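Note that the structure is predicted; figures quoted are calculated from it, not measured.
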Amino acid sequence: MALSLFIADFCFATSSFIENINKIRKSDGYEFKINYQTTQKWTDGLVFKLFCTFSKGAELSFASSGHNNIKQGWHKTEIKIPMVYRERYGYITDYRVELYSNGILVSIKSM
């Protein structure tokens with residue numbers, strides 16, 4: 001029984017992945033556009049976490065809202081960071097995005 005649960009978890013864990021990330025610096029802050037794919041007919045419980053390192057030394061994280069009822073295929077989402085973070089912590093020098101499916105880390109992409 002334990003082996004079958006492990007195999008099911010592994011198959012589930014590979015059902016979604018991040019293809020690429022685009023960071024856009026705008027006058028009102030930053031916008032991260034994330035392209036990702038789901039391979040199951042329907043996917044629930046996706047959350048994206050963005051980890052940023054700023055030029056003044058701060059390391060902060062931001063999260064998307066939960067994504068549910070996603071059909072199989074390619075999708076886009078975005079995470080916005082307001083200008084106040086750039087004013088206080090400087091420019092983003094490094095970043096990575098993690099994709100969680102029902103609390104399990106399934107994909108990571110970094111700069």
Side-chain angles (χ1 to χ4, degrees):
M1 180 73 171
L3 180 57
S4 64
L5 288 175
F6 173 76
I7 292 170
D9 285 345
F10 180 76
C11 292
F12 179 75
T14 60
S15 66
S16 304
F17 63 91
I18 301 168
E19 178 64 25
N20 61 36
I21 311 160
N22 292 313
K23 177 183 82 168
I24 302 166
R25 193 172 79 183
K26 301 175 93 176
S27 61
D28 62 345
Y30 290 99
E31 189 174 283
F32 287 83
K33 294 186 180 272
I34 304 161
N35 295 316
Y36 66 99
Q37 182 177 16
T38 58
T39 58
Q40 292 182 332
K41 185 175 180 178
W42 291 101
T43 302
D44 293 322
L46 294 183
V47 174
F48 295 86
K49 292 186 180 177
L50 170 65
F51 298 87
C52 298
T53 303
F54 290 83
S55 59
K56 294 182 181 176
E59 295 181 16
L60 302 172
S61 63
F62 306 87
S64 71
S65 60
H67 298 268
N68 293 304
N69 299 315
I70 301 171
K71 281 187 157 184
Q72 178 181 9
W74 290 98
H75 307 280
K76 295 179 182 182
T77 191
E78 59 185 45
I79 298 175
K80 293 184 179 184
I81 301 175
M83 179 63 141
V84 68
Y85 288 95
R86 189 178 345 159
E87 292 170 355
R88 182 169 181 182
Y89 302 111
Y91 293 95
I92 293 176
T93 58
D94 193 26
Y95 61 89
R96 80 175 185 279
V97 175
E98 297 178 352
L99 171 57
Y100 291 83
S101 179
N102 291 320
I104 299 170
L105 178 63
V106 295
S107 184
I108 300 173
K109 275 283 190 195
S110 56
M111 178 176 147

What are the two closest non-hydrogen atoms of Gly90 and Lys56, and how far apart are they?
N-CD, 3.9 Å
Got a second to check how far [X]'s [atom1] is from [Y]'s [atom2], nearest 0.5 Å?
{"X": "Leu46", "Y": "His67", "atom1": "CG", "atom2": "NE2", "answer": "7.0 Å"}
{"X": "Leu50", "Y": "Lys109", "atom1": "CG", "atom2": "NZ", "answer": "15.0 Å"}
{"X": "Asn35", "Y": "Asn20", "atom1": "CG", "atom2": "CG", "answer": "4.5 Å"}
{"X": "Glu31", "Y": "Asn22", "atom1": "CD", "atom2": "CG", "answer": "10.0 Å"}
{"X": "Thr39", "Y": "Gln72", "atom1": "OG1", "atom2": "CD", "answer": "6.5 Å"}
{"X": "Lys23", "Y": "Cys52", "atom1": "NZ", "atom2": "SG", "answer": "8.5 Å"}

Arg25: what forms a side-chain hydrogen bond (donor to acceptor under 3.5 Å, both in side chains) with it, not counting sequence neighbours?
none
For Phe48 and Phe32, I'd like to know if the aromatic rings sit close, meaning centre-to-centre distance below 6.0 Å.
no
Are Tyr85 and Phe62, when compared by the centres of their aromatic rings, separated by less than 6.0 Å?
yes
Is a donor on one side and an acceptor on the other found under 3.5 Å between the side chain of [X] and the backbone of [Y]?
{"X": "Thr38", "Y": "Lys71", "value": "yes"}
{"X": "Thr93", "Y": "Thr53", "value": "yes"}
{"X": "Ser55", "Y": "Tyr91", "value": "yes"}
{"X": "Gln37", "Y": "Gly73", "value": "no"}
{"X": "Ser107", "Y": "Leu99", "value": "no"}
{"X": "Arg86", "Y": "Gly29", "value": "yes"}

Fit a plane to each ring of Trp74 and Phe17, take the angle between them on a 0 to 90° scale, and name the class: parallel (under 30°), tilted (30 to 60°) or perpendicular (over 60°).
perpendicular
Minimum side-chain heavy-atom gap [X]-[Y] below 4.5 Å:
{"X": "Tyr36", "Y": "Glu19", "answer": "no"}
{"X": "Asn69", "Y": "Asp44", "answer": "yes"}
{"X": "Ile81", "Y": "Ile92", "answer": "yes"}

Are [Y] and [X] co-members of a hydrophobic cluster defined by side-chain heavy atoms under 4.5 Å apart?
{"X": "Ile24", "Y": "Val84", "value": "no"}
{"X": "Ile34", "Y": "Ile104", "value": "yes"}
{"X": "Val106", "Y": "Trp42", "value": "no"}
{"X": "Met83", "Y": "Tyr89", "value": "no"}

Go through the steps for Ser61 and Lys49 under the test side-chain contact (heavy atoms from CB on, under 4.5 Å), then give the verdict.
CA-CA 7 Å; Ser61 63; Lys49 292 186 180 177; 5.9 Å; no
Give the intermediate values and the outcome of side-chain contact (heavy atoms from CB on, under 4.5 Å) for residues Val47 and Ser64.
CA-CA 6 Å; Val47 174; Ser64 71; 4.2 Å; yes
side-chain contact (heavy atoms from CB on, under 4.5 Å) between Glu59 and Phe54, intermediate numbers included
CA-CA 6 Å; Glu59 295 181 16; Phe54 290 83; over 6 Å; no
